[in-house]
Amino acid sequence: MKITSTSCICPVLVCLCFVQRCYGTAHHSSIKVTRNQTKHIEGETEVHHRPKRGWVWNQFFVLEEHMGPDPQYVGKLHSNSDKGDGSVKYILTGEGAGTIFIIDDTTGDIHSTKSLDREQKTHYVLHAQAIDRRTNKPLEPESEFIIKVQDINDNAPKFTDGPYIVTVPEMSDMGVIRTALHNMDREAREHYSVVIQAKDMAGQVGGLSGSTTVNITLTDVNDNPPRFPQKHYQLYVPESAQVGSAVGKIKANDADTGSNADMTYSIINGDGIGIFSISTDKETREGILSLKKPLNYEKKKSYTLTIEGANTHLDFRFSHLGPFKDATMLKIIVGDVDEPPLFSMPSYVMEVYENAKIGTVVGTVLAQDPDSANSLVRYFIDYSAEDDRCFNIDANTGTIRTTKVLDREETSWYNITVAASENDNPGLLSHVTVGIRVLDVNDNPPELAREYDIVVCENSKPGQVIHTISATDKDDFANGPRFNYFLDEHLSINPNFTLKDNEDNTASILTRRRRFSRTIQEVYYLPIMISDGGIPSLSSTSTLTIRVCACERDGRVRTCLAEAFLSSAGLSTGALIAILLCVVILLAIVVLFITLRRSKKEPLIISEEDVRENVVTYDDEGGGEEDTEAFDITALRNPSAAEELKYRRDIRPEVKLTPRHQTLSTLESIDVQEFIKQKLAEADLDPSVPPYDSLQTYAYEGQRSEAGSISSLDSATTQSDQDYHYLGDWGPEFKKLAELYGEIESERTT
């Protein structure tokens with residue numbers, strides 16, 4: 001079977017056909033497959049030869065993108081067994097068989113029914129077979145062949161990522177896209193657009209092409225130094241400008257951008273270096289001129305500065321372009337401003353003695369007009385509403401005087417504010433602080449530091465220190481200590497106490513005799529005099545109150561007056577009143593309680609209709625001393641009262657008994673025991689006795705004791721040499737007794 005093709009367009013096909021001819025094939029575009037055959041030669045017997053297989057052409061070519069109206073012819077299948085009588089049937093199988101590629105089963109012609117795209121699929125693998133139509137048996141083995149899609153120039157070159165954006169440093173000479181100009185300057189032109197075209201088929205005729213755009217931006221380098229637009233500037237600054245404030249701006253231009261245009265400013269020369277300073281604004285790249293010291297038009301009217309601006313980021317590749325800095329001259333004109341008066345000192349301190357007369361001169365302030373006009377100045381004190389106006393000032397001279405008598409002990413320091421203004425312009429004011437110190441005068445005598453509570457023990461000894469006192473002085477230290485203490489010389493010598501100056505601004509109180517007695521005198525008064533160290537010296541007299549108290553042997557106070565206890569306890573008047581109120585309230589409660597108890601003991605109201613239903617109750621057992629409602633026991637206590645017949649008050653007697661009378665001699669001679677028995681018998685027989693038992697008590701002490709009296713009133717008081725010191729060992733209850741007997745013993749010995 002042979003397969004033929006007429007699509008000989010590509011030069012490769014021409015070469016293949018040439019090879020086919022060299023092999024001696026009959027058809028240049030066919031695939032021929034021969035079967036095993038036996039050739040009979042006339043006159044010869046049949047000889048078997050080895051069958052020679054026909055040459056196999058196993059590749060077809062088809063052009064892509066075929067747009068014709070008829071199917072594109074691909075090739076032809078032909079078998080050696082085909083005699084042209086239609087007995088051979090050709091079958092095509094494989095990729096695209098029946099859809100893309102169809103075959104004429106009689107002639108073996110293969111056609112392409114669709115337009116193919118090589119960029120999607122480059123080749124197809126198919127199988128061809130020839131069979132007998134009558135028997136459906138294969139005449140030849142199945143053959144495999146390939147149909148390749150032949151490429152045509154149907155796709156132009158394409159830039160996938162265009163348009164392109166490229167940044168190239170200015171002055172560059174390297175890169176895939178090279179600069180056509182030497183030292184391209186970004187400051188002259190920053191953006192460029194380049195169109196790039198690509199052609200296939202090596203640019204031959206019939207080839208396709210594609211293009212893209214490349215946008216090129218030149219990035220900046222520091223190749224331009226800063227430049228001031230002018231070489232001379234002038235700036236006006238008023239003399240009233242505040243120190244630290246910005247007074248002007250200056251700027252140098254730099255053609256570069258970003259960090260390449262950063263610069264710093266500095267003052268490199270001029271007579272205003274110490275008066276002005278300059279700083280750099282990072283955002284605007286301006287130089288900010290500030291004032292370091294105050295200006296004075298009357299002293300200097302102008303200043304000159306040389307200001308330099310220099311790049312901070314240098315590129316040494318371009319150092320040959322010159323220094324990357326520039327300088328300019330700035331002249332500053334100081335403007336004259338009408339200023340307020342100027343005081344000769346920033347503050348004043350003055351002194352004046354206390355008790356000085358009204359109108360005493362304290363001091364003088366001075367202010368002048370700093371302007372060239374030298375206007376007159378007026379003064380006044382700037383008082384607030386709550387200030388105590390103790391001073392005034394002369395409006396023309398600035399002299400300050402007192403308006404009140406000052407007291408250093410009340411206020412030792414005054415701070416006032418003096419204001420000055422010009423006559424021509426009263427609205428311009430200046431102020432100054434004036435401190436006035438009030439000097440001390442010895443006008444306060446010394447006095448005791450506090451009220452002293454001095455106690456002397458009854459058993460004190462001569463020369464014993466009972467207290468130490470001190471003094472204070474309201475005056476200053478120079479007119480206060482040292483203090484001198486002494487007793488009044490005009491008074492007689494005090495026999496009980498004396499005073500000792502300790503020469504350290506304190507004094508001690510000493511006793512001058514042995515033993516004091518509260519029974520004789522409870523309180524002593526000691527007048528003392530105190531003088532200070534001022535010139536002239538002042539003195540005062542104070543009286544000390546000394547109380548006599550009983551003390552322990554170690555000097556601790558044991559008992560003293562009631563007021564002493566209250567004073568030592570530190571009770572105030574309010575506390576004493578509170579204590580008294582509490583006592584009064586307690587007494588009122590006790591009285592109310594007693595009143596309520598007595599209200600319960602009132603006589604019972606007995607109905608006169610029937611006394612039998614009255615029940616009399618008692619709170620004690622059998623009457624007692626307080627049971628006087630039902631019984632009157634005065635008769636039992638006093639036998640003399642037995643003559644009088646007493647009726648019960650809780651019942652109504654029905655029978656009046658005749659009183660029994662006994663003689664006085666009988667009553668005096670009868671024994672109490674016999675008297676009680678007699679009264680008991682009478683009670684048993686008395687019909688007025690209530691039908692219950694009662695217990696009656698009698699105040700009978702019994703007979704006289706034979707032991708005699710144990711009282712010491714009748715004891716003999718004989719002087720003996722008995723030692724009573726043992727009483728001090730019996731405890732605190734016998735302290736007073738031991739002291740009394742100790743004094744008696746000491747008097748005997750003396």
What verdict does the side chain to side chain contact (heavy atoms under 4.5 Å, CB included) test give for R378 and F380, after you've listed the backbone C-alpha separation in whole Å, the side-chain angles of each residue and the deciding distance to 0.1 Å? CA-CA 7 Å; R378 297 185 63 84; F380 60 92; 6.0 Å; no
Return the orientation label for the F228 and Y233 ring planes: parallel under 30°, perpendicular over 60°, tilted otherwise. perpendicular
Spatial distance of atom CG (D336) from atom CD (E298) [nearest 0.5 Å]: 5.0 Å
Tell me whether the count of non-hydrogen atoms from other residues, nucleotides or ligands lying under 6.0 Å of CD in Q230 goes above 12. yes
Would you mind writing out the side-chain donor-acceptor pairs for residues 423-431 within the sub-3.5 Å range, not counting sequence neighbours?
unit_1	atom_1	unit_2	atom_2	d
D424	OD2	S375	OG	2.8
N425	ND2	D338	OD2	3.4
S430	OG	P341	O	2.6

Report the distance from atom CG of L376 to atom CD of Q368, rounding to the nearest 0.5 Å. 11.0 Å
Hey, does I332 have a side-chain heavy atom less than 4.5 Å from the side chain of L330? yes
If we ignore hydrogens and angles and just use 3.5 Å, is the side chain of Y303 paired with the main-chain N or O of G270 as donor and acceptor? no
Quick one, E339 and E239 - any side-chain contact, counting heavy atoms below 4.5 Å? yes
So I278 and I250, do their side chains get closer than 4.5 Å, heavy atoms only? yes
On a heavy-atom basis, which atom in L305 and which in F276 lie closest, and how many Å separate them? CD1-CB, 4.0 Å
Closest approach of N253 and P229, non-hydrogen atoms and distance? ND2-CG, 3.3 Å
Between V247 and A241, which heavy-atom pair has the shortest distance, and what is it? CG1-CB, 4.3 Å
So, D132 and K137, do they make that salt bridge, N to O below 4.0 Å? no
Where do N215 and T213 land on the side chain to side chain contact (heavy atoms under 4.5 Å, CB included) test, with the steps shown first? CA-CA 6 Å; N215 296 319; T213 301; 3.8 Å; yes
Atom OG in S87, atom CD1 in I131: separation rounded to 0.5 Å? 11.0 Å
From CA spacing to verdict: side chain to side chain contact (heavy atoms under 4.5 Å, CB included), S112, Y73: CA-CA 6 Å; S112 174; Y73 180 74; over 6 Å; no
Are I436 and W413 side-chain neighbours, meaning at least one heavy-atom pair lies under 4.5 Å? no
Would you indicate whether E64, at its atom CD, is surrounded by more than 12 heavy atoms from other residues, nucleotides or ligands within a distance under 6.0 Å? yes
Within 6.0 Å of NZ in K299, more than 12 heavy atoms from elsewhere: no
Contact summary for K293 and V243, nearest pair of heavy atoms: C-CG2, 3.8 Å
Tell me, do L289 and L235 make a side-chain contact under 4.5 Å, heavy atoms counted? yes
Spatial distance of atom OG1 (T417) from atom CG (N415) [nearest 0.5 Å]: 8.0 Å
Side-chain touch P346/Y348, heavy atoms, less than 4.5 angstrom: no
D271 side chain to T304 backbone, donor-acceptor under 3.5 Å: yes
Could you go through T328 and R227, starting from their C-alpha distance and side-chain angles, then the distance that decides it, and tell me whether this counts as side chain to side chain donor-acceptor pair (under 3.5 Å)? CA-CA 9 Å; T328 187; R227 291 289 181 263; over 6 Å; no
Would you say S266's side chain and I268's backbone share a donor-acceptor pair under 3.5 angstrom? no
For N224 and D254, test the side chains for any donor-to-acceptor distance below 3.5 angstrom and give the result as yes or no. no
Test side chain to side chain contact (heavy atoms under 4.5 Å, CB included) on D382 and V418; report intermediate values, then the result. CA-CA 6 Å; D382 189 4; V418 177; over 6 Å; no
H123: what forms a side-chain hydrogen bond (donor to acceptor under 3.5 Å, both in side chains) with it, not counting sequence neighbours? none
Separation of K251 NZ from T280 OG1 (nearest 0.5 Å): 12.0 Å
Roughly how far apart are F101 CZ and T113 OG1, rounded to 0.5 Å? 8.5 Å
Between N311 and H313, is there a donor-acceptor pair closer than 3.5 Å when you use the side chain of the first and the backbone of the second? no
Minimum heavy-atom distance between Y265 and A252, given as atom pair plus value: OH-N, 3.0 Å
Looking only at non-hydrogen atoms, find the nearest pair between S277 and K292 and report the distance. CB-CD, 3.5 Å
Is the NZ or CZ atom of K300 positioned over Y297's six-membered ring, under 6.0 angstrom from the centre and within 45° of the axis? no
Under a 4.5 Å cut-off applied to non-hydrogen side-chain atoms, are V237 and V334 in contact? no
Are any side-chain N or O atoms of Y379 and backbone N or O atoms of A367, one a donor and one an acceptor, separated by less than 3.5 Å? yes
State whether the side chain of R437 and the backbone N or O of V349 hold a donor-acceptor pair below 3.5 Å, judged by distance alone. no
Could you check whether R285 and T264, counting side-chain N and O atoms only, form a donor-acceptor pair closer than 3.5 Å? no
Considering only heavy atoms from C-beta outward, does the side chain of L126 approach that of T93 to under 4.5 Å? no
So salt bridge (Lys or Arg N to Asp or Glu O under 4.0 Å) across residues 78-95, not counting sequence neighbours, yields E95-K121
